[in-house]
Amino acid sequence: MMTDRAGELSIVVLHGPNLNLLGLREPEIYGASTLAQIDAQLVELGNSLDTTVSSLQSNHEGMLVDAIHDARDRYDGIVINAGAYTHTSIAIRDAISAVQIPTVEVHLSNIYKREEFRHHSYLAAIVIGQISGFGTQSYQLGLQALIVHLRQLRAASGG
Ligand code: DQA
């Protein structure tokens, strides 16, 4: 878990299975950045947008479900790259639906350009939106989009 100073908004970035191997894992698909580098960039981007960014990676489906439950009352939004669980996990989808926290789905690779089994996301229909195919920038774009969305929600509710 990585956290920086308190900002106006709090967002948690969840990384699913095998993303701990970024930098080593199929760099031609996923790029050369490590997860620690990605997380540090997101903290920095968050700081510039008055947002506290925390992050967590797990290779275990139940841990990700627990992290989504724990996000209730703690975070304003979630950015998630569920890795392969994107294509298999009804449990992660149900957890996001259950907590009702605005969530953005991100992928480093363009999942629609790859094997057919990656074309279906269980999360896509219940998140605000999905960003796929921009490498590490997918996370940054996802974070920025989520912050804009959360500010619009606040403005619409008068706060
Ligand atoms: C991924 C795409 C998934 O299909 C894959 O299983 C991953 C990473 C991406 O970021 O491109 O682990 O979510």
Side-chain angles (χ1 to χ4, degrees), residues 1-4 9-46 49 51-71 75-150:
M1 187 71 86
M2 247 174 97
T3 314
D4 211 50
L9 293 169
S10 274
I11 289 175
V12 65
V13 180
L14 300 178
H15 307 281
N18 300 308
L19 294 168
N20 53 311
L21 296 181
L22 283 180
L24 297 173
R25 175 193 185 200
E26 301 178 273
E28 65 289 356
I29 297 174
Y30 297 116
S33 298
T34 65
L35 196 63
Q37 288 167 337
I38 292 173
D39 284 342
Q41 284 165 359
L42 293 173
V43 166
E44 210 175 298
L45 177 61
L49 297 170
T51 298
T52 304
V53 177
S54 306
S55 59
L56 180 142
Q57 186 275 332
S58 178
N59 293 322
H60 305 278
E61 186 176 19
M63 288 272 288
L64 292 164
V65 169
D66 285 344
I68 293 164
H69 293 180
D70 289 348
Y75 296 104
D76 302 298
I78 299 172
V79 173
I80 187 165
N81 181 354
Y85 288 141
T86 305
H87 319 299
T88 63
S89 181
I90 299 170
I92 291 176
R93 172 192 173 120
D94 284 354
I96 295 168
S97 294
V99 298
Q100 299 254 306
I101 299 173
T103 298
V104 171
E105 173 185 354
V106 301
H107 300 284
L108 294 148
S109 63
N110 180 345
I111 56 175
Y112 303 100
K113 260 190 179 173
R114 302 183 61 197
E115 302 95 327
E116 209 168 322
F117 63 83
R118 296 185 203 275
H119 295 182
H120 178 257
S121 163
Y122 275 106
L123 311 186
I126 52 100
V127 294
I128 302 163
Q130 183 198 71
I131 296 172
S132 175
F134 293 93
T136 58
Q137 255 204 95
S138 291
Y139 282 98
Q140 291 159 10
L141 293 168
L143 180 64
Q144 283 173 296
L146 181 56
I147 290 169
V148 170
H149 179 87
L150 291 170

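In each ligand, atom 1 is the first atom listed, and ligand 1 is the first ligand listed.
Qualifying side-chain contact (heavy atoms from CB on, under 4.5 Å) partners for Ile126, counting only residues two or more places apart in sequence or in other chains: Arg93, Ile96, Ser97.
Asn81 places no side-chain N or O within 3.5 Å of a backbone atom of His15 that could act as its donor or acceptor partner.
Taking every heavy atom of both residues into account, Pro17 and Ala84 meet most closely at CG-N, 4.2 Å. When all heavy atoms are compared, the tightest approach of Leu150 to Pro102 is CD2-CG, 3.8 Å. Contact record, Arg114 with His119: O-NE2, 2.7 Å, taken as the closest heavy-atom pair.
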List ligand 1's nitrogen or oxygen atoms that come under 3.5 Å of a protein nitrogen or oxygen, with the partner atom and distance.
| unit_1 | atom_1 | unit_2 | atom_2 | d |
| --- | --- | --- | --- | --- |
| ligand 1 | 4 (O) | His87 | NE2 | 2.7 |
| ligand 1 | 4 (O) | Arg118 | NH1 | 2.9 |
| ligand 1 | 6 (O) | Ala84 | N | 3.2 |
| ligand 1 | 6 (O) | Arg118 | NH1 | 3.1 |
| ligand 1 | 10 (O) | Asn81 | ND2 | 2.8 |
| ligand 1 | 10 (O) | Leu108 | N | 2.8 |
| ligand 1 | 11 (O) | Leu108 | N | 3.3 |
| ligand 1 | 11 (O) | Ser109 | N | 2.8 |
| ligand 1 | 11 (O) | Ser109 | OG | 2.6 |
| ligand 1 | 12 (O) | Arg25 | NH1 | 3.2 |
| ligand 1 | 12 (O) | Arg25 | NH2 | 3.1 |
| ligand 1 | 13 (O) | Asn81 | OD1 | 2.8 |
| ligand 1 | 13 (O) | His107 | ND1 | 2.8 |

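Atom CD of Glu116 has 12 or fewer heavy atoms from other residues, nucleotides or ligands within 6.0 Å.
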